[in-house]
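Each ligand, and each atom within it, is numbered from 1 in the order the structure gives.
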Amino acid sequence: MITESSGSEHILDADLFYPRLRTYYIGRKIETRSAVDSTQDVVRQRAGAGEAEGFVLVADTQTGGRGRKGDRWFSPSGSGLYLSLLLRPRFPAIMPLPLALGLAAAQAVEAVSDVRAELKWPNDLTVDDRKLGGILAESQVQDGVVLYVVAGIGINVHEPAGGWPPELARTAACIGMGATREGLLAELLNAIEANYELLRAGDVEAVLTEYRRRCPYRGGAPVTFVGADGRPEEARAIEIESDGALLVELPGGAEQRLYGHQVIGLRRTALGFVTD
Ligand code: BTN
């Protein structure tokens with residue numbers, strides 16, 4: 001059930017949420033807060049206190065929302081879906097987990113709207129090359145074992161009441177009219193559980209096939225990454241590998257695998273169109 005934590009407002013309408021929720025364990029325990037610093041921190045604390053897998057915290061607004069690579073995540077009240085989900089994966093296919101979460105976000109957007117969200121590797125949700133949402137997966141690792149993952153997801157649902165700040169005005173997008181945060185949340189949790197179960201069953205290819213279908217940032221897409229000497233290098237993105245790495249072709253023809261932190265820039269290309 002949706003529990004409103006002390007001092008919270010009612011931010012989710014249960015009647016819009018539960019009829020759409022089809023999960024067994026993802027999001028079956030949900031708490032809402034009207035405002036937090038970051039939902040990631042709250043769920044991390046709960047994980048440390050033994051909270052079970054599937055726990056979700058949703059906030060109406062975040063004062064210190066965090067993005068990847070140290071960016072901040074603009075989290076105005078009433079306009080976006082901001083949540084963190086606790087996962088305790090006990091299966092080998094953990095590397096592609098962030099891709100599976102990004103895919104779930106795209107599938108949820110498709111389920112509640114006509115927007116055809118694309119996936120910008122590793123897990124940005126985009127439309128017309130503008131950012132619609134993002135995933136921040138933070139793991140707690142001990143002795144090489146992942147104890148838990150706090151999966152933070154932010155999706156822009158409606159245009160912020162005060163408009164986008166200037167730095168986001170040209171790069172951000174939202175789903176727009178018709179979508180509700182409740183419907184999106186339910187579809188997101190449904191899709192996460194389905195994709196998570198595929199990873200648990202070892203069917204990484206099923207997840208990647210759906211991911212690749214929505215990812216035009218490969219097949220020759222120009223990529224800039226940090227080379228071994230710390231300087232930027234150019235390459236062409238070829239394909240998303242089964243462990244979630246980005247396979248690129250260097251100017252001399254050699255291939256290299258990149259991981260999220262190495263990539264500085266990635267530009268879209270038409271699917272399957274290899275330019276050189
Ligand atoms: C990105 O940079 O693309 C990742 C953005 C992740 C934002 C979400 S909003 C809910 C959760 N709490 C945070 O502080 N960040 C994540």
Side-chain angles (χ1 to χ4, degrees), residues 5 8 11-12 26-27 30-48 51 54-87 97-106 108-109 117-127 129-140 148-158 160 164-165 167-168 170-175 181-182 184-185 188-189 191-192 211 214-215 217 244 246 259-266 268:
S5 311
S8 290
I11 66 158
L12 292 176
I26 297 290
I30 295 194
E31 284 184 20
T32 61
R33 302 270 177 97
S34 51
V36 291
D37 189 17
S38 163
T39 56
Q40 292 293 95
D41 299 339
V42 181
V43 172
R44 183 190 293 272
Q45 284 164 6
R46 297 291 286 269
E51 188 63 76
F55 172 70
V56 169
L57 185 97
V58 184
D60 180 46
T61 181
Q62 301 182 110
T63 49
R66 299 199 302 272
R68 290 176 58 237
K69 300 182 177 173
D71 287 348
R72 95 180 235 280
W73 188 258
F74 181 57
S75 314
S77 167
S79 91
L81 182 61
Y82 320 115
L83 70 99
S84 294
L85 159 69
L86 174 60
L87 295 170
L97 178 57
L99 303 191
L101 295 168
L103 170 62
V109 170
E118 294 181 338
L119 288 161
K120 183 173 184 177
W121 182 88
N123 47 26
D124 278 359
L125 199 59
T126 59
V127 57
D129 226 8
R130 286 170 167 253
K131 191 150 170 172
L132 189 63
I135 313 287
L136 178 66
E138 298 179 318
S139 308
Q140 183 71 26
Y148 60 82
V149 176
V150 178
I153 303 173
I155 302 176
N156 304 323
V157 183
H158 305 294
W164 297 106
E167 68 275 17
L168 296 180
R170 288 168 167 272
T171 56
C174 57
I175 301 175
R181 290 191 297 188
E182 290 87 345
L184 180 66
L185 176 62
L188 176 64
L189 299 176
I192 289 175
Y211 182 99
R214 296 166 175 83
C215 179
Y217 296 83
L246 183 68
Y259 293 90
H261 65 280
Q262 295 172 280
V263 172
I264 313 168
L266 181 55
R268 190 181 190 289

Heavy atoms only: give me the nearest W164-C174 pair and the separation to one decimal.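 Taking W164 first and C174 second, the nearest heavy atoms are CZ2-CB, 4.2 Å.
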
Examine distances only and state if a side-chain atom of Y82 and a backbone atom of P76 form a donor-acceptor pair shorter than 3.5 Å.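 At least one qualifying donor-acceptor pair exists.
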
Just by distance, do the side chain of R72 and the backbone of R66 share a donor-acceptor pair under 3.5 Å?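 Between the backbone of R66 and the side chain of R72 there is no qualifying donor-acceptor contact (under 3.5 Å).
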
For ligand 1, indicate whether the residue [X] contacts it via side chain, backbone, both or neither (heavy-atom separation under 4.0 Å).
X    : result
K69  : neither
D71  : neither
I135 : backbone

Which of these, Q62, R66, K131, has its nearest heavy atom closest to atom 12 (N) of ligand 1?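 Answer by nearest heavy atom: Q62.
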
Which atoms of ligand 1 have any heavy atom of [X] under 4.0 Å away?
X    : value
G65  : 14 (O)
G67  : 1 (C), 2 (O), 4 (C), 5 (C)
S38  : 12 (N), 13 (C), 14 (O)
D124 : 3 (O)

Taking it one step at a time, do D60 and S77 satisfy side chain to side chain donor-acceptor pair (under 3.5 Å)? CA-CA 5 Å; D60 180 46; S77 167; 2.6 Å; yes

If you measure from [atom1] on [X] to [atom2] on [Y], what distance do you get to the nearest 0.5 Å?
X    : Y    : atom1 : atom2 : answer
I135 : L101 : CD1   : CG    : 5.5 Å
N156 : I175 : CG    : CD1   : 8.5 Å
Y217 : L246 : OH    : CG    : 13.0 Å
W73  : T39  : CH2   : OG1   : 11.5 Å

Report the nearest protein non-hydrogen atom to atom 5 (C) of ligand 1: residue, atom name, distance rounded to 0.1 Å.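 Of every protein heavy atom, W73 CE3, 3.4 Å lies nearest to atom 5 (C) of ligand 1.
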
Could you check atom 2 (O) of ligand 1 against the protein and tell me its nearest heavy-atom contact, residue, atom and distance included?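 Ranking protein heavy atoms by distance from atom 2 (O) of ligand 1, first comes R68 N, 2.7 Å.
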
Polar contacts were defined as any N/O atom of the residue lying under 3.5 Å from an N/O atom of the ligand; does this apply to T39 and ligand 1?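 In this structure, T39 places an N or O atom under 3.5 Å from an N or O of ligand 1.
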
